[in-house]
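Some notes on the structure that comes next.
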Amino acid sequence: MLVRFWGTRGSLPVAQQADQISGKVARALVAANGRRFADEAEALAFVKSDLEFSTGATFGGATSCVEIEGADEAFIVCDMGSGLREFGLNASRRCAAGHARIYHVFMSHLHWDHIMGMPFFAPAFDPGATIVVHSGHPDAEQALRRQQEEISFPVPFDWLRAKFEFITHEVDKPFPVDGLTVTLIRQHHSHDSFGYRFERDGRSVIYSTDSEHKLDDMDSDGAFEAFFEGADLVICDTMYSLGDSVSLKQDWGHSSNIVAVDLCRAGGAKRLALFHHEPTYSDRDIARMHAETVRYEELVRGDRPPLEVICSYDGLEVAI
Ligand SMILES: [Zn+2]
Ligand SMILES: [Zn+2]
């Protein structure tokens with residue numbers, strides 16, 4: 001399986017501002033320290049190898065959208081955040097080269113940041129495309145139709161040409177989708193959210209965003225530890241630092257990097273991807289949180305095998 005991140009930001013899309021780009025260029029020039037480069041390729045190699053990621057690149061600003069490559073022929077997508085627009089353009093090119101025009105989309109929930117990419121999803125206008133929307137919510141179709149009503153958007157849902165199908169699933173009942181086995185878990189979030197476990201040939205990927213894990217809720221912790229068990233990759237809502245999540249932002253429906261590490265370790269997961277980044281965080285803030293999470297994992301590791309902590313960004317690909 002291959003996991004491709006198209007949108008990793010939480011709550012609201014963000015874009016880099018002029019002064020943030022200028023800051024990156026200035027830091028790069030200081031780091032180059034007068035060094036000369038023969039051409040752009042040589043300079044780019046320096047950017048990739050010598051600069052910190054937060055200086056030479058960006059975590060990106062599109063909201064939740066993750067592709068999982070590994071079904072028999074269909075596209076597998078988690079959530080329709082603003083990252084869905086870029087995914088749709090890329091998928092259309094792959095379809096032109098022969099890829100099946102079948103899309104299975106798994107909705108964590110129906111909050112705006114997880115559906116806002118839908119009106120800009122090019123395959124929805126393709127009469128040869130089939131889009132199957134899988135959800136734990138029976139009101140998924142209503143949510144998608146409502147955001148395209150005239151008062152909010154000029155193109156009504158009924159103008160879309162793809163064939164749509166909506167399927168509501170129950171939790172804890174694995175079902176097959178094009179070669180994958182998929183299981184849902186209910187998560188603590190306003191109007192509920194659902195996490196997904198995707199499995200194939202002994203490999204597993206968990207998509208668990210917009211879920212508030214309470215520090216003192218042992219029953220819930222046990223259910224998630226079991227859900228995460230032995231996963232090759234857990235994509236987890238780590239919107240806040242632990243300090244924020246237990247003080248300022250308790251009951252806001254999101255989790256911390258620390259809780260995510262604890263649950264992954266208890267479940268014996270192999271890799272954790274930090275996800276749903278707080279929109280007010282700069283690239284340097286996100287990089288700092290990543291470094292803190294890696295340090296925390298090292299501190300609590302003991303004699304157990306390490307949990308690799310990666311930080312998702314728009315454009316990241318992870319082979320499973
Ligand atoms: Zn969200
Ligand atoms: Zn939400």
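What you see is a predicted model; the values in this text were computed from it and never measured. Counting convention: from 1, in listed order, for ligands and their atoms alike.
Asp210 and His114 are linked by a side-chain donor-acceptor pair at a separation below 3.5 angstrom, with hydrogens and angles left out of the test. Side chains of Ser282 and Asp285: a donor-acceptor N/O pair is present below 3.5 angstrom, by distance only.
Taking backbone and side chain together, His109 holds no N, O or S atom under 2.8 Å from the Zn ion (ligand 1). Among the backbone and side-chain atoms of Asp210, an N/O/S atom is found under 2.8 Å from the Zn ion (ligand 2). Because the distance cut-off is set at 2.8 Å, His111 qualifies as a neighbour of the Zn ion (ligand 2) through one of its N, O or S atoms.
Screening residues 25-49 for ring pair (Phe, Tyr, Trp, His ring centres under 6.0 Å), with sequence neighbours left out, gives Phe37-Phe46.
When distances from the Zn ion (ligand 1) to the N, O or S atoms of Asp113 are compared, OD2 comes out shortest.
With Lys270 contributing its side chain and Ala231 its backbone, the two residues share no donor-acceptor pair below 3.5 Å.
Centred on the Zn ion (ligand 1), the NE2 atom of His276 and the NE2 atom of His114 lie at an angle of 110°, reported to 10°.
Under a 4.0 Å N-O distance rule, the pair Asp178/Arg200 does not qualify as a salt bridge.
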